[in-house]
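All remarks here apply to the structure that follows.
As the structure is a prediction and not an experimental result, all values here were calculated from the model. By convention in this document, chain letters (A, B, ...) are assigned in the order of the sequence lines, proteins followed by strands, and residues within each chain are numbered from 1.
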Number of protein chains: 4
Amino acid sequence: MSSLPYSQAAFSDAAKALMSTTAELAALGWTPATSSNFSQRLDASHAVITASGADKGRLTEGDFLAVDLAGAPVSSALRPSAETLLHTQLYARDLAGCVLHTHSRTQTVASRLFARAGRVRIEGYELIKAFAGNTTHEAAIEIPVLPNTQDMPALAAEVERLLDAGPLWGYLIDGHGLYAWGRDLKEARRHLDAFEFLLACELDLRRLS
Amino acid sequence: MSSLPYSQAAFSDAAKALMSTTAELAALGWTPATSSNFSQRLDASHAVITASGADKGRLTEGDFLAVDLAGAPVSSALRPSAETLLHTQLYARDLAGCVLHTHSRTQTVASRLFARAGRVRIEGYELIKAFAGNTTHEAAIEIPVLPNTQDMPALAAEVERLLDAGPLWGYLIDGHGLYAWGRDLKEARRHLDAFEFLLACELDLRRLS
Amino acid sequence: MSSLPYSQAAFSDAAKALMSTTAELAALGWTPATSSNFSQRLDASHAVITASGADKGRLTEGDFLAVDLAGAPVSSALRPSAETLLHTQLYARDLAGCVLHTHSRTQTVASRLFARAGRVRIEGYELIKAFAGNTTHEAAIEIPVLPNTQDMPALAAEVERLLDAGPLWGYLIDGHGLYAWGRDLKEARRHLDAFEFLLACELDLRRLS
Amino acid sequence: MSSLPYSQAAFSDAAKALMSTTAELAALGWTPATSSNFSQRLDASHAVITASGADKGRLTEGDFLAVDLAGAPVSSALRPSAETLLHTQLYARDLAGCVLHTHSRTQTVASRLFARAGRVRIEGYELIKAFAGNTTHEAAIEIPVLPNTQDMPALAAEVERLLDAGPLWGYLIDGHGLYAWGRDLKEARRHLDAFEFLLACELDLRRLS
């Protein structure tokens, strides 16, 4: 897709910023057992992403690689995460500057519980204002829940249909976890935190009602 | 409301004290996704308050501004939190030296669960003695739950009615979070911790009964 | 009760050891809103105990005082905790070298839930072996739950009856928290951790059955 | 079983690596009240294991000893954990390079809840791929639950039957905790984290369904 080189300095900056974020997310227990993956846009045709299998609480720059927007490694012998395509499809459509994929217990349990419904409807929370584009708690959001599969192109095609349907900052995959994104790392993190918080509240309310 | 200057040293001290407290509250997960706001009284006609939108775990002095007791910024280009009036109305009535507004999961879930009742009644806990003015666990407290709205003057008017009705150290807003205060930062923090603890116990007891 | 002086060095050592433990317990959230109190035996006629009202996560040596075994302050202007007698009665009977009184959410909720029964029966856990004197998980333990009261001599008299009835390493007070002790700080801490863990498991099993 | 000496340097390296891991597990609350034990293979006929009774959050090299593969101490006056045989039987069969035995609340509660069934069936989770040998979330795993006993040779014989029956990376003991292992420390830790996470999700789903 691209034979242009990318800036090594930009790669290094993006990897460092992601390392700091992933260390925080690992400490929260959202990346159990070397799961989860994280990426940031580098330039018009590249992104930086975590390699497969690393412990997300102890990443070094050597655990990151550059990929093109079709998800293929660029000048690296590292194996990118199997789910790289789910990151790069968002960059290819210019919808994101950063993608954070985590596996918290809340996200995983919510994905199982709402898999049949295919979505989680969230309304009545002030924190809905945390999502870019929402200015009132009176809005409602729907978080899609996709069936899990090891067939990444099929999963990416499902996501394309979601993205065609309207604005979105994240989705769940059944038994698997959450994809959240934003125009930059800070916004992606704010969206991730808001999804986690709102899903946790919804699960609590179900236990209590 | 005031054209008198405030002491820059007092501003700086108050901001530093709040930074330390907000970092602790953020680490507890009570300020998700840049939510929550915090203030302290500066003098007869000013308070210091967090600016809108900052990550409460990483505040610097530049994230605070001075406001008058009607909630208007004083010598600052920063935008105060939309909810500034809910802070300054307590200072204008001389009821508080510090106001802490947080969004913990427990506070948010309790506010949803008790919104229809309009209050949470708490009794039978030794920790009721943590609220200034209570000397026995045999007292009961009621935490009001207000409907959420983006219309701050309307919400502030609701709070005025609560304050007219009798002594109060905090209230919930539905789907939103908790306002807690005290005569100084230490007392406000003690009240906040006691509200959080007692609400968490009440939710647990409902799950278990 | 005693006009003999106590060793200032022993006082200082005991206070330091308690500070380290209370900081850990505060970080776990077991001492909300300046609640809880902690003591250690100093010699035949004295103990060191936390003063009333301090934040248990930030104790300094100045937050401790010496008391005699009837609970009266010795050479100190500090006010001992109102519950000092519940500590010193254990020292007076030579049953403990250290007493840890905490208010965790689990302890408080369990005390409410089992108040009517007057006891929590715990059996079937390997961790029962953590209590001094138990060598098999086949033992069962009963944790008494006492009604709460601000009348300390009356509460202490209830505890005397419990202590007369047989070996005990701790009890709950309704809506209040747990008293746990051991022959030294290390054993008291092990007992406290075991009580907390076993009560938490019992509450979980009730939610799940 | 072996009169050959072991390498003191290998002993020291293994103890250091285990100390770092046990400090993390203790901070997570998975080793309450001096419970739990941890080991690593040293060579063809020795393993290093934690001594009985130490606080797992504060281990020093002096809290470890070498044992032969029948579980007997080698050149040490320390008492090995009563459960040493459950570690060494895995080394004797060449099934593990590291064994981690913890007592988390989730593990303990799950072991009680599924004791009668004798197993916990786990399916539908992406994280099943965290176990060596699984390449798809479509696999299911079964975690055996053994009755608790203080008779270690009898318990070890039960485990032998499980190991004969097919590939396994861990099992629960009723009211007690989890044994997890891997070909090295990193893999054992990944398996432990995956077991904990999946059991926690299963308990949550039962509370919510």
Side-chain angles (χ1 to χ4, degrees), chain B residues 17 20-21 23-25 27-30 100 102 104-107 110 121-141 169-170 178 180-182 184-209, chain C residues 23 26-37 52-58 81-83 86 101-117 120 145-152 155 172-179 199-209:
Chain B
S20 159
T21 292
E24 290 175 11
L25 300 176
L28 292 167
W30 298 5
L100 305 174
T102 51
S104 81
R105 179 171 154 188
T106 290
Q107 294 157 14
R121 186 174 172 85
I122 309 269
E123 56 187 331
Y125 295 96
E126 180 72 9
L127 217 67
I128 284 175
K129 289 164 62 182
F131 295 104
N134 287 325
T135 57
T136 167
H137 71 282
E138 283 154 6
I141 60 167
W169 293 116
L178 177 77
W181 59 90
D184 56 24
L185 173 52
K186 196 179 159 191
E187 187 176 87
R189 178 68 193 275
R190 196 180 75 224
H191 290 165
L192 172 60
D193 287 354
F195 280 126
E196 171 77 13
F197 183 86
L198 292 167
L199 289 170
C201 287
E202 284 297 298
L203 295 186
D204 276 350
L205 283 172
R206 278 174 74 102
R207 285 188 196 100
L208 283 158
S209 301
Chain C
L28 291 167
W30 297 6
T31 66
T34 78
S35 71
S36 306
N37 41 70
S52 186
D55 176 340
K56 298 312 180 291
R58 304 172 210 273
S81 161
E83 298 169 31
L86 302 182
H101 166 46
T102 51
H103 284 232
S104 82
R105 178 172 155 187
T106 290
Q107 293 157 14
T108 304
V109 168
S111 74
R112 294 288 303 258
L113 204 64
F114 295 99
R116 192 168 304 180
V120 192
V145 187
L146 297 173
N148 198 15
T149 172
Q150 302 302 316
D151 180 347
M152 283 306 126
L155 192 45
L172 289 164
I173 305 173
D174 181 19
H176 185 146
L178 176 78
Y179 273 81
L199 289 170
C201 288
E202 283 297 298
L203 295 186
D204 276 350
L205 283 171
R206 278 174 74 102
R207 285 188 197 99
L208 283 157
S209 300

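For chain C, no part of Glu138(B) is nearby; none of its heavy atoms comes within less than 4.5 Å. Neither the backbone nor the side chain of Glu187(B) comes within contact range of chain C; no heavy atoms are under 4.5 Å apart.
Listed options His191(B), Glu123(B), Arg190(B) were ranked by heavy-atom pairs under 4.5 angstrom with chain C; first place goes to Arg190(B). Per-residue heavy-atom pair counts under 4.5 Å with chain B were compared for Thr108(C), Leu113(C), Asn148(C), and the maximum is reached by Asn148(C). Ranked by heavy-atom pairs shorter than 4.5 Å toward chain B, the options Asp174(C), Ile173(C), Thr149(C) are led by Thr149(C).
A distance of 6.0 Å separates CD of Glu126(B) from NE2 of His103(C), quoted to the nearest 0.5 Å.
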Evaluate side chain to side chain contact (heavy atoms under 4.5 Å, CB included) for His176(C) paired with Tyr125(B), printing each intermediate quantity in order.
CA-CA 6 Å; His176(C) 185 146; Tyr125(B) 295 96; over 6 Å; no
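Residues from residues 202-209 of chain C that place a non-hydrogen atom less than 4.5 Å from a non-hydrogen atom of chain B comprise Leu203(C), Arg206(C), Arg207(C), given in numerical order. Listed in order of number, the residues of residues 127-134 of chain B that approach chain C to under 4.5 Å between heavy atoms are Leu127(B), Lys129(B), Ala130(B).
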